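As structure tokens, the structure follows; a few thoughts come after it.
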Amino acid sequence: MQLYNTLTRRKEEFVPREPGQVAMYVCGPTTYNYIHLGNARPLVFFDTVRRYFEYRGYRVLYVQNFTDIDDKIINRAREEKADALLLAQKYVAEYFKDADALNVRRADIHPRVSGHLPEITAMIAALLEKGAAYVVDGDVYFHIASFPAYGRLSGRSLDEMQAGARVEVDPRKKHPMDFALWKAAKPGEPAWDSPWGKGRPGWHIECSAMAVKYLGHNFDIHGGGFDLIFPHHENEIAQAEAATGRPFARYWMHNGFITVNQEKMSKSLGNFFLVREILEKFPPPVVRFFLLSTHYRSPLDFDDEKLAAAGRGLERIKTSIRLLAEAMGRGSGSEKPPAAGDDFPATLEKYRQDFIAAMDDDFNTALAIGIFFELAREVNTYLQDGSKGGGLRQDDLAKAMSLFFDFNRVLGLFPVDVTAGRIRLEEPAGDDDKLTAGLIALLLEVRGQARARKDWAAADRIRDGLKELGIILEDTPQGVRWKRQQG
RNA sequence: GGCGACAUAGCCAAGUGGUAAGGCAGAGGACUGCAAAUCCUCCAUUCCCCGGUUCAAAUCCGGGUGUCGCCUCCA
């Protein structure tokens, strides 16, 4: 597998620290609000990375943190006159609702800052001991000049950064780019004891401390959004490596931004869309499909029309899975031997290999999805045209479905109903939906009778009426089928 | 000001030296009572512009133009 390493600015062959195992850490959200689509991109992408590694036979240890102690949380809590930690907890719970909806699997470990003060203060103490940090009035700063490799990840030198400095420099700092490891508490702020007085950790130290705790040294992959390269990840490296004297992480992966009208979606610009707002308009698989339809390092422009177009595309894949499931359900596989030169299983295998090649090349999900479409068309062709290759036998159908499952397992588009052993294309049905289904069945029965006596007006009246209600009818040789309209 | 990325059809998008994947939209056809779905065919002589390297460039080099990002909290 090849993956692009921000550290070296090129694609590299992925060689795990330990054969067959992948240890990865991805920066999670600061929990002071519901997540927006920009936050969802790394979630979905790195979830897909993890799924693909597993598909390729790796054992993955996946850690994603929550920043639940932070200035933004404190400010928000102050505005709402709430307790900062409780507020953070609430948004952790809300985060999981959104992530679950997007079919993002839980990480193996979701560490929170509030649960790791001992590890954090221990790392700060180590940095002080090694002369990489200093204390000023209860604050502790990392001293950048003590870490020669500073700037390696972001590809800039200290001189360059100073030249472009846009921030008022705190005169107490030894170097303008020195950053806080520990912030002394002001009255009323949540605070923890430390050898330097009451306070709280700076933003960057948590990730260094928690990543080292759970993944050890020189772990495989560290991920996050592009905007974390500097300063967050640069600082993480400096802290962890200065404190432990050992390499921190080996491959650094960064996803591009979601944009709106070509501008970065961000809270400060106010042009963000919450995941839950979007999910009110579009089913989760469409959102996930949309996010994966562009390579992860490219920007992805969002608007409703683009999401709708993605939804129409995804509908093709759904239809193909549906048609295949129907054919399997009928148990009507062809009994004819395959035509000479026609080898359906070999065709399927070609698609599998193409898919793997795409994903092996720096997780090219856009290409992989293209292959998914080609597979769908191939299967549809066989399914509708019994003459091609003599039609599909039952074991062919099962093999095709198995490939759909594998592609779906990696991309995570649709949840899989494990007990029923099927891909769940629609939202689960509630009680109301049962009634709806019953009523539709009744209408379809009446319409069937109308069609039998060629009363097209009555039949079309029912079909048109249902369409207005968002129910699409399709007449097939095997009878009528219905589905909900998407988007 | 410093650093970096990107520019492919109406739209989205893959493609880093060998002659433009895939999807959406659109056109025609098969199928259908008509539709829908599905399938077939068509839809970029050309990849922002100008030079250069090469037998060969969307792909490499140089120069422009444009857009975006990082340097400040941000996925």
Side-chain angles (χ1 to χ4, degrees), chain A residues 9 11 26-30 32 35-46 70-72 75 151 154-157 159-168 177 203 223-232 234 254-259 262-269 272 289-290 293-295 297-301 303 305-317 319-320 322-323 354 358 361 364-374 376-385 388 451 454-457 459-460 463-464 467 472-477 480-483:
Chain A
R9 268 166 270 288
K11 284 186 201 170
V26 175
C27 287
T30 299
Y32 68 106
I35 59 168
H36 64 240
L37 190 65
N39 298 308
R41 190 176 193 187
L43 288 185
V44 167
F45 172 65
F46 286 106
D70 179 87
D71 292 3
K72 293 191 290 294
N75 292 337
S154 53
R156 49 188 105 194
S157 69
D159 291 345
E160 285 168 5
M161 286 186 276
Q162 281 180 71
R166 279 162 37 185
V167 195
E168 287 291 329
M177 300 301 291
W203 173 36
F226 255 86
D227 53 352
L228 295 183
I229 295 173
F230 188 90
H232 186 57
E234 195 73 72
H254 295 96
N255 63 274
F257 296 122
I258 302 286
T259 59
Q262 320 296 331
E263 271 194 324
K264 178 180 172 180
M265 180 186 291
S266 75
K267 289 176 184 170
S268 41
L269 286 173
F272 61 91
F289 177 81
F290 173 72
S293 63
T294 297
H295 186 84
R297 285 191 280 116
S298 302
L300 208 202
D301 199 60
D303 62 49
E305 178 43 44
K306 284 169 181 155
L307 214 44
R312 288 190 292 271
L314 184 61
E315 204 55 31
R316 281 170 63 75
I317 286 173
T319 300
S320 189
R322 207 179 267 132
L323 292 174
D354 286 351
D361 184 11
N364 194 335
T365 53
L367 221 202
I369 284 172
I371 290 154
F372 206 156
F373 275 109
E374 292 179 42
R377 190 183 21 172
E378 187 78 18
V379 167
N380 289 343
T381 302
Y382 272 90
L383 240 29
Q384 82 149 24
D385 181 1
K388 178 162 182 179
R451 291 186 74 215
K454 298 194 191 305
D455 182 356
W456 309 127
D460 292 350
R463 187 173 64 196
D464 295 344
K467 184 163 195 299
I472 309 291
L473 299 192
E474 297 174 6
D475 291 309
T476 77
V480 63
R481 117 178 101 225
W482 66 271
K483 64 176 181 182

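Note: hydrogens, waters and symmetry copies are ignored here, and every other heavy atom, side chains too, is used. Remember, predicted model here, so these are calculated numbers, not experimental data.
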| said: With rounding to the closest Å, how many angstrom separate the C1' atoms on B:A7 and B:C47? | reply: 10 Å

| Nearest 0.5 Å, what's the CZ-CG distance between A:F373 and A:L314? | 7.0 Å

| For atom CG of A:L383 and atom P of B:C39, their distance in whole Å | 10 Å

| Any N or O donor-acceptor pair linking the side chain of A:N364 to the base of B:G15 at under 3.5 Å? | no

| salt bridge (Lys or Arg N to Asp or Glu O under 4.0 Å) against A:D303, all qualifying residues, sequence neighbours excluded | A:K306

| request: Return the nearest nucleotide to the side chain of A:S266; candidates are B:C74, B:A36, B:G33. | output: B:C74

| message | Both distances below 3.5 Å, Watson-Crick or wobble geometry, any strand: find the nucleotide opposite B:U19. | response | none

| Paired with B:G1: which nucleotide, if any, by Watson-Crick or G-U wobble criteria at under 3.5 Å for both distances? | B:C71

| query | With rounding to whole Å, what would you report as the distance between B:C31 and B:C40 at their C1' atoms? | reply | 11 Å

| query | Considering Watson-Crick and G-U wobble pairs with both distances under 3.5 Å, what does B:G62 pair with? | reply | B:C50

| task | Could you tell me whether the side chain of A:T381 reaches within less than 4.5 Å of the side chain of A:R377, counting heavy atoms only? | result | yes

| field | Complement of B:A14, any strand, by Watson-Crick or G-U distances under 3.5 angstrom | value | none

| task | Can you tell me the pairing partner of B:G26 across any strand shown, Watson-Crick or G-U wobble, with both distances under 3.5 angstrom? | result | B:C42

| query | Would a distance-only check, ignoring hydrogens and angles, find a side-chain to backbone donor-acceptor pair under 3.5 Å from A:N364 to A:A358? | reply | no

| said: Categorize A:F226 for me: base, sugar-phosphate, or nothing, with a 4.0 angstrom heavy-atom threshold over every strand shown. | reply: nothing

| field | A:S320: side chain to side chain donor-acceptor pair (under 3.5 Å) partners, not counting sequence neighbours | value | A:N380

| field | Between B:G4 and B:U45 - C1' atom distance, rounded Å | value | 34 Å

| Quantified in whole Å, what is the C1' atom distance between nucleotide B:A21 and nucleotide B:U54? | 26 Å

| query | NA contact type, A:Q262, heavy-atom cut-off 4.0 Å: base, sugar-phosphate, or nothing? | reply | sugar-phosphate

| request: Both distances under 3.5 Å, Watson-Crick or G-U wobble: report the partner of B:G33, or none. | output: none

| remark: Against the side chain of A:S298, the closest entry in B:U38, B:C39, B:A14 is B:A14

| request: Looking at every strand, decide which applies to A:G224 at a 4.0 Å heavy-atom threshold: base, sugar-phosphate, or nothing. | output: sugar-phosphate

| remark: Closest to the side chain of A:P231, out of B:C73, B:G33, B:C39, is B:C73

Every protein N/O lying under 3.5 Å from an N/O of nucleotides 22-24 of chain B:
from	atom 1	to	atom 2	distance (Å)
B:C24	O3'	A:R312	NE	3.0
B:C24	O2'	A:R312	NE	3.3
B:C24	O2'	A:R312	NH2	2.8

| request: Please confirm whether A:K264 makes a cation-pi placement over A:F226, using NZ or CZ under 6.0 Å from the six-membered ring centre and within 45° of the ring normal. | output: no

| said: Tell me the interatomic distance from A:F290, atom CZ, to B:C12, atom C1', rounded to whole angstroms. | reply: 9 Å

| What distance, rounded to whole Å, do you find between the two P atoms, one in B:C71 and one in B:G10? | 36 Å

| Atom-to-atom span, CG of A:D70 to C1' of B:C74 - whole angstrom | 10 Å

| task | Take A:R451 and A:V480 through the side chain to side chain contact (heavy atoms under 4.5 Å, CB included) test and state the conclusion after the steps. | result | CA-CA 11 Å; A:R451 291 186 74 215; A:V480 63; 5.6 Å; no

| query | So which nucleotide from B:C39, B:A13, B:C68 ends up closest to the side chain of A:Q384? | reply | B:C39

| Contact class for A:I472 (heavy atom, under 4.0 Å): base, sugar-phosphate, or nothing? | sugar-phosphate

| request: Send over the distance from A:R156 CZ to B:G69 C1', rounded to a whole Å. | output: 10 Å

Mind listing the N/O atom pairs, protein and nucleotides 4-11 of chain B, below 3.5 Å?
none

| request: With sequence neighbours left out, write down each residue that passes side chain to side chain donor-acceptor pair (under 3.5 Å) with A:K11, or none if nothing qualifies. | output: A:D361

| task | Let me know, please, whether A:K267 or A:K11 comes out on the 5' side of the other along RNA chain B by nearest nucleotide. | result | A:K11

| task | Quickly work out the A:N39 CG to B:C73 P distance and round it to whole Å. | result | 17 Å

| request: Could you tell me the separation between the NE2 atom of A:H254 and the P atom of B:C70, rounded to a whole number of Å? | output: 14 Å

| field | Which residue lies more 5' along RNA chain B, comparing A:H36 with A:T294 via nearest heavy atoms | value | A:T294

| task | Using the test side chain to side chain donor-acceptor pair (under 3.5 Å), find all partners of A:H295 that sit at least two apart in sequence or belong to another chain. | result | A:D362

| Whole angstrom value for the distance that separates P of B:G69 from CG of A:D227 | 11 Å

| said: Distance check, C1' atoms only: B:C60 and B:A27, in whole angstrom units. | reply: 39 Å

| request: Report yes if some heavy atom in the side chain of A:R322 is under 4.5 Å from a heavy atom in the side chain of A:T319; otherwise report no. | output: yes

| query | Does a nitrogen or oxygen in the side chain of A:N380 sit under 4.0 Å from OP1 or OP2 of B:C39? | reply | yes

| Within less than 4.0 Å of OP1 or OP2 of B:C74, is there a side-chain N or O belonging to A:W203? | yes

| query | If you measure from OG on A:S298 to CG on A:N255, what distance do you get to the nearest 0.5 Å? | reply | 11.0 Å

| task | Please work out whether the ring planes of A:F272 and A:H36 are parallel, tilted or perpendicular, with thresholds of 30° and 60°. | result | tilted

| Rounded C1' spacing from B:G66 to B:C50 in Å | 15 Å

| task | Could you give the distance separating B:C34 and B:A14 at their P atoms, to the nearest angstrom? | result | 41 Å

| request: Please tell me if the side chains of A:R156 and A:I229 come closer than 4.5 Å, counting only heavy atoms from C-beta onward. | output: no

| A:K264 side chain N/O closer than 4.0 Å to the phosphate oxygens (OP1, OP2) of B:A75? | no

| field | Residue A:M265, side-chain atoms from C-beta onward, closest of B:A75, B:G69, B:C40 | value | B:A75

| Gap between atoms CG and C1', on A:L37 and B:C74 respectively (whole Å) | 15 Å

| said: With the six-membered base ring of B:G33 as reference, does the ring of A:W456 sit under 5.5 Å away with planes under 30° apart? | reply: yes

| Ignoring hydrogens and angles, are the base of B:A75 and the side chain of A:R41 linked by a donor-acceptor pair under 3.5 Å? | no

